[in-house]
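Right, one structure below, let's go through it.
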Amino acid sequence: MSYTLTTPLYYVNDRPHLGSTYTTLACDALARFERLRLQKVTFVTGVDEHGQKIQRTAERQQLSPQDHCDRVSSRYRDLWNQWGISDDRFVRTTNPRHLELVVQFYERVKASGDIVVGKQTGWYCVDCEEYKDDPAEAESPSCSIHRKPLEWRDEENLFFRLSRYQSAIEELVARDDFIAPASRRQEVRNFVAQGLRDFSISRVNVSWGLPVPDHPGHTFYVWFDALLGYLTALLDDGEAVSLDRLASCGWPASVHVIGKDILRFHAVFWPAMCMSAGLPVPQKVFGHGFLTREGQKMGKSLGNVLDPELLLERCGTDAVRWYLLRDIQFGDDGDFQQQRFLDLVNNDLANTIGNLLNRTSSMARKWFDDGVPPAGKASSADHPLAIKAAETVRTVIEAMPQLAFKTAAESILQLAIAANGHLSDTAPWSRMKEPGQEASVAEDLFAVLETTRIVGLLLAPLLPELSGRILAQLGQSLDPNNWSNQLNWGRLSSGSPLPKPTPVMQRLELDEPL
RNA sequence: GUCAGAGUAGCUCAGCUGGUUAGAGCACAGGAUUCAUAACCCUGAGGUCGGGAGUUCAAGUCUCCCCUCUGACACCA
């Protein structure tokens, strides 16, 4: 089975920020999980590079738009590399192949009779670059954001006849598996219920855009172009650009993961465009929440933006991934709190999980010849920890496809806590001092080591680096093609050597605030 | 303004169709322990469940009113 997931194509107006990093990390976890489940995964990310805003930003920096895009795009690509993102496709909308695709798509939509020439008239705010909803008869309306008078505009645009898809879209958004999380579903339904209006897909005075074939002077509106980037990405396998090939290239997407701000484009406009072009619609659109920092919106004006490059450099990928995925319900808004970040990373990763491995491995090595102790009865699937582990595996496997990263992470942590509890209960260190206890101590240590192995395996999609270190410390490694089997209890073999333990996760201490 | 959602321990949140002393994690306090990354384990304190009224034998959970916050209300990537 093939599984296609996408991040948004990030707008290269500015350097990457934590929000896009967050989305991408979440997708990465999901992509890794699906690969381990042996899906044929295509993980798409990339950048959206057209539009007037970019044109202007480039001008301000005295760069050509293309140069500007090249620079920012490579920052994204580099950043994803540094974070260890496992994307399969990184698409750029300035790629010539993308133009080919957009033209093909446009021709299909046009052939469906869904392109009409119309007038875009209304009150326009130059600073916002958008039409306002003020009534046409308004005397002298002004923009509530910029407090400047609105200008009356009257320009020719091409329109997509969205209105024709009213009932089809209504049906689509009424499905309970299309828009997630459920809390955002109603919003979109209400919007659709108000009646869909045609929307413009071309501009006449934006030169930094893709030219519309049969309308000189027109360029495609950025959104029309950007969404199609998903298709371009899927076709980027060395073969020809052809919409006819999409079915064998992973379309429709299993899920588009996006920020809640662009839910409508993905849940309403985009499916209608697909229908018009005779393509299946995406299976799911997941709109996640936004991150604030210490309760405040992150922004340049507040000077409180958290730079992902800095965060990665100072804290490492495991720490940040864990915090974002384990502490924030994916879908809800989340608040980045430095103290909590440190607390969770140190408690969960260093103390609970890391130290569990360290202490258990130390005991095993000390008393059982630097290796895994004899399993005895502990290899049985009805050992309490075996039962708990099986439960955890089930929870993770159920949670991950639903993007419930928090549920998955918490249950893995609970498994480690249970193992620590088991050590406390059985106290191998004191029983080793009594005669004739070796065999039963060995069983307890085996069970805990085995639990740790499963913790390490379950962390693979969420924290690939830490997962690798945990497994290595157990003398194991991830088998990407055999994950499900590896998750079965009792696969650690008694007598196999355990390397000398070193902390797999350092406690995080910050000399200065982030 | 209209619509939707939310206001529960210091913080982040669970609490389904109303039913014994309102839960978890973090933070905090105390204890236990020494295998381990001053880690782990146990216990405890802490809440008039936004405010008010009502329905009911019984309401955090239903109804009404009020207060506060968030989001949507079309082309902002």
*Validation row: A/Trp208, A/Cys69 side chains within 4.5 angstrom (heavy atoms)*: yes

*asked:* Once you apply a heavy-atom cut-off of 4.0 Å, does A/Met432 come out as touching a base, just sugar-phosphate, or nothing?
replied: nothing

*What is the distance, rounded to the nearest whole Å, between atom CG of A/Leu263 and atom P of B/U70?*
20 Å

*Could you tell me the separation between the CD atom of A/Gln414 and the P atom of B/G25, rounded to a whole number of Å?*
8 Å

*Just the dot-bracket of RNA chain B, please: which string comes out with Watson-Crick or G-U pairs under 3.5 Å, [ ] for crossing, | for another strand?*
(((((((..((((.....[...)))).((((.........)))).....(((((..]....))))))))))))....

*Rounded to the Å, how far apart are A/Gln339 CD and B/U12 P?*
14 Å

*Taking atom types as they are modelled, is there a donor-acceptor pair under 3.5 Å from the base of B/C35 to the side chain of A/Ser362?*
no

*Consider the side chain of A/Lys297, meaning its heavy atoms from C-beta on, and name the nucleotide among B/U37, B/G71, B/C40 that approaches it most closely.*
B/G71

*Do the side chain of A/Arg264 and the base of B/A74 come within less than 3.5 angstrom through a donor-acceptor pair of N or O atoms?*
no

_Pairwise C1' distance, B/G7 and B/U48 [rounded to whole Å]_ = 16 Å

*State whether the aromatic ring of A/Trp429 stacks on the base of B/C35, taking stacking to mean ring centres under 5.5 Å apart and ring planes under 30° to each other.*
yes

*Determine the Euclidean distance between corresponding C1' atoms of B/G60 and B/G15; express it in Å to zero decimal places.*
8 Å

_Mind checking if A/Val188 touches a base, just sugar-phosphate, or nothing, with heavy atoms under 4.0 Å?_
nothing

*asked:* Applying a 4.0 Å non-hydrogen cut-off, can you work out what A/Gly289 is touching in the nucleic acid: base, sugar-phosphate, or nothing?
replied: nothing

*Mapping A/Asn190 and A/Leu344 to their closest nucleotides on RNA chain B, which lands nearer the 5' end?*
A/Asn190

*Is any side-chain heavy atom of A/Ile169 closer than 4.5 Å to a side-chain heavy atom of A/Leu196?*
yes

*Pairwise C1' distance for B/C49 and B/A14, with rounding to whole Å*: 13 Å

*Check every strand shown and say whether A/Phe191 touches a base, only sugar-phosphate, or nothing at a heavy-atom separation below 4.0 Å.*
base

_C1' atoms of B/G30 and B/A45, separation to the nearest Å_ = 10 Å

*Of the nucleotides B/U37, B/C76, B/A72, which one has an atom closest to the side chain of A/Glu187?*
B/A72

*Considering non-hydrogen atoms only, spot the tightest contact between A/Cys274 and A/Phe105 and give its length.*
N-CZ, 4.2 Å

*Calculate the interatomic distance between A/Asn355 atom CG and B/A36 atom C1'; express it in whole Å.*
5 Å

*Side chain of A/Arg507 only, please: which of B/C75, B/C40, B/U37 is the nearest?*
B/U37

*Give A/Pro503 one of three labels, base, sugar-phosphate or nothing, depending on what nucleic acid heavy atoms sit under 4.0 Å from its own.*
base

*May I ask you to check if A/Arg264 and A/Phe191 form a cation-pi contact, with NZ or CZ under 6.0 angstrom from the six-membered ring centre and within 45° of the axis?*
yes

_With a cut-off of less than 4.0 Å, is there a side-chain N or O of A/Tyr221 near OP1 or OP2 of B/C76?_
yes

*Hey, are A/Asp307 and A/Arg314 close enough for a salt bridge, meaning a charged N less than 4.0 Å from a carboxylate O?*
no

*Counting heavy atoms from C-beta on, name the nucleotide in B/A36, B/C75, B/U37 closest to the side chain of A/Arg359.*
B/A36

*Does A/Asp114 pair with A/Arg164 as a salt bridge, N-O distance under 4.0 Å?*
yes

*In terms of side-chain heavy atoms of A/Arg326, which of B/A27, B/G25, B/A74 is nearest?*
B/G25

*asked:* From C-beta outward on A/Arg203, which listed nucleotide comes closest to its side chain: B/C35, B/C75, B/A74?
replied: B/C75

*If you look at every strand shown and take non-hydrogen atoms under 4.0 Å, does A/Arg365 touch a base, only sugar-phosphate, or nothing?*
nothing

*So what does A/Gln337 hit on the nucleic acid, given a heavy-atom distance under 4.0 Å: a base, only sugar-phosphate, or nothing?*
sugar-phosphate

*asked:* Measure CG/A/Asn157 against P/B/A74 and give the value in whole Å, please.
replied: 18 Å

*When the C1' atoms of B/A24 and B/A9 are considered, how many whole Å apart are they?*
11 Å

*Using a heavy-atom cut-off of under 4.0 Å over every strand shown, decide if A/Arg184 touches base, sugar-phosphate, or nothing.*
nothing

*Salt bridge or not for A/Asp370 and A/Lys500, using N-O below 4.0 Å?*
no

_Sugar-phosphate, base or nothing in reach of A/Ala226, heavy atoms under 4.0 Å_ = nothing

*Roughly, in whole Å, what's the span from CG in A/Asp261 to P in B/C73?*
11 Å

_Span that lies between the C1' atom of B/U43 and that of B/U33, in whole angstrom_ = 14 Å

_Residue whose closest nucleotide on RNA chain B lies nearer the 5' end, A/Phe265 versus A/Lys260_ = A/Lys260

*Electrostatic pair A/Asp335:A/Arg293 at N-O distance under 4.0 angstrom*: no

*When you measure from the side chain of A/Lys53, which nucleotide among B/C76, B/A39, B/A74 comes out closest?*
B/C76

_With a 4.5 Å cut-off on side-chain heavy atoms, are A/Met273 and A/Val109 touching?_
no

*In whole angstrom, give the distance that lies between atom CG of A/Asn351 and atom P of B/G25.*
16 Å

*Describe the nucleic acid contact of A/Asp332 in one word from base, sugar-phosphate, nothing, applying a heavy-atom distance below 4.0 Å.*
nothing

*asked:* Tell me if the side-chain of A/Asn358 makes a donor-acceptor pair with the base of B/A36, cut-off 3.5 Å, by modelled atom types.
replied: no

*With a 4.0 Å cut-off on heavy atoms, is A/Ile417 in touch with a base, just the backbone sugar-phosphate, or nothing at all?*
sugar-phosphate

*Taking A/Ile179 as the fixed residue, which of A/Val268, A/Leu172, A/Val173 is the one that meets the side-chain contact (heavy atoms from CB on, under 4.5 Å) rule?*
A/Val173

*Nearest-angstrom distance, P atom, B/G23 to B/U68*: 33 Å

*Taking 4.0 angstrom as the limit, do A/Glu49 and A/Arg92 come out as a salt bridge?*
yes

*Considering only atom C1', compute the distance from B/A32 to B/C42 and round it to an integer number of Å.*
7 Å

